[in-house]
2 protein chains.
Amino acid sequence: MDESLDPELFKALADPTRAALVACIAKCGRGCSVGEVAECCAVDLSVVSRHLALLARAGVLESEREGRTVRYRVRYREVTTALRALADAFDQCCPDGGCGGASC
Amino acid sequence: MDESLDPELFKALADPTRAALVACIAKCGRGCSVGEVAECCAVDLSVVSRHLALLARAGVLESEREGRTVRYRVRYREVTTALRALADAFDQCCPDGGCGGASC
DNA sequence: TGCATATTTGCATTATGACGCAAATACGCA
DNA sequence: TGCGTATTTGCGTCATAATGCAAATATGCA
């Protein structure tokens, strides 16, 4: 539970602007350049750059340089694994999902 | 995706103190009073009270008054459903998990 | 090299949120 | 009602982080 409940992942997704950026890249389904991602929200390009770097540090995105551009991609497997692990950890605290287990 | 990627839920879990409180209540497996929860971390009781109220507003916890005490419980079903829905939404953006789908 | 494009970084400003203390409120009980 | 316990709320302070602008850096190309 404590390991699955990593505040860093949630901090990364807690900001509305960052959430929009992640959704933008995820829906795009491919690697997106900083400039492309910046078009989907109203903040300055430099702000987008900082948000993407933060999301990469948090493990939500990964980046790769292609010439002058940097492409950011969603780390699907890592993110979904972390989310499901947390869901499983909650389930283990209340196995039957209705809080009618031995400890309830 | 956009609905599943609700910043409110993540904001609630993004703070280390709040994460500890949620873990405390979850591991406890039953409803806990504010005072009980406050024993598991170093912050003031009033801070705990505020955090629990915030978590309840975010849908992570639910509260019920029992006489003088207020018991907070984890909304297991809602939380796990939200987490898995988000994981599923990510999967739909990249079905095979290796980013080799139609859009990749 | 010199220039154009893409991204990052430095810096100041502003907004948000966590925290503790004290006071207020809610409730049960005598 | 009056008292004690549990919780919430008001308020000031402090830390963190979001933002925009300008400057710096990185890269490709003529």
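Naming convention: chains lettered A, B, ... in sequence-line order (proteins, then strands); numbering from 1 in each chain. This one's a predicted model, so the numbers in the text were calculated from it and none came from an experiment.
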So OG of B:Ser4 and CG of A:Leu83: to nearest 0.5 Å the spacing works out to 10.0 Å
Could you tell me whether a side-chain N or O of B:Arg57 sits under 3.5 Å from a main-chain N or O of B:Gly59, the two making a donor and an acceptor? no
Verdict with reasoning, B:Glu64 to B:Arg73, per side chain to side chain contact (heavy atoms under 4.5 Å, CB included): CA-CA 8 Å; B:Glu64 186 185 10; B:Arg73 277 182 307 281; 3.4 Å; yes
Are A:Arg30 and A:Arg71 close enough that some pair of their side-chain heavy atoms sits under 4.5 Å apart? yes
What distance do B:Asp15 atom CG and A:Lys11 atom NZ have between them, rounded to the nearest 0.5 Å? 8.0 Å
In whole Å, I'd like the distance from the CG atom of B:Leu54 to the P atom of C:dT16. 15 Å
Given axes from five pairs at either end, by how many degrees does the helix from C:dT1-D:dA30 to C:dA30-D:dT1 bend, rounded to 10°? 20°
Whole-Å gap separating P (C:dG28) and CD (B:Glu66): 11 Å
Find out whether B:Glu78 and B:Thr81 are in side-chain contact, i.e. whether some heavy atom of one side chain is under 4.5 Å from a heavy atom of the other. no
So A:Ile25 and A:Leu52, do their side chains get closer than 4.5 Å, heavy atoms only? yes
Which distance, rounded to the nearest 0.5 Å, do you find between the CG of A:Leu21 and the CZ of A:Arg18? 9.0 Å
Judged by atom type as modelled, is there a donor-acceptor pair below 3.5 Å linking the side chain of A:Gln92 to the main-chain atoms of A:Ala89? no
Over 60° means perpendicular and under 30° means parallel, so tell me whether B:Phe10 and A:Phe10 are parallel, tilted or perpendicular. parallel
Would you compute the distance between atom CG of B:Leu13 and atom CG of A:Leu86 and round it to the nearest 0.5 angstrom? 7.0 Å
To the nearest 0.5 Å, atom SG of A:Cys24 lies from atom CE of B:Met1 at 11.0 Å
Integer-rounded Å distance: C:dA4 P and A:Arg68 CZ: 12 Å
For B:Tyr72, check ring pair (Phe, Tyr, Trp, His ring centres under 6.0 Å) against everything at least two apart and list the hits. none
Between CZ of B:Arg84 and OG1 of A:Thr80, what distance do you get to the nearest 0.5 Å? 12.5 Å
Using heavy atoms and a sub-4.0 Å distance, could you list which residues of residues 41-52 of chain A are near DNA chain D? By number, please. A:Val43, A:Asp44, A:Ser46, A:Val47, A:Arg50, A:His51
Which of residues 31-40 of chain A have a heavy atom under 4.0 Å from DNA chain D? none
Identify whether the distance between the nearest side-chain nitrogen and carboxylate oxygen of B:Lys27 and A:Asp2 falls below 4.0 Å. yes
Atom NZ of B:Lys11 to atom P of C:dT16: distance rounded to whole Å? 9 Å
Using a 4.0 Å cut-off to any heavy atom of chain A, which nucleotides of DNA chain D are the first and last in contact, reading 5' to 3'? D:dA18 to D:dG28
Below 4.0 angstrom, which residues in residues 12-25 of chain A have at least one non-hydrogen atom near DNA chain C? none
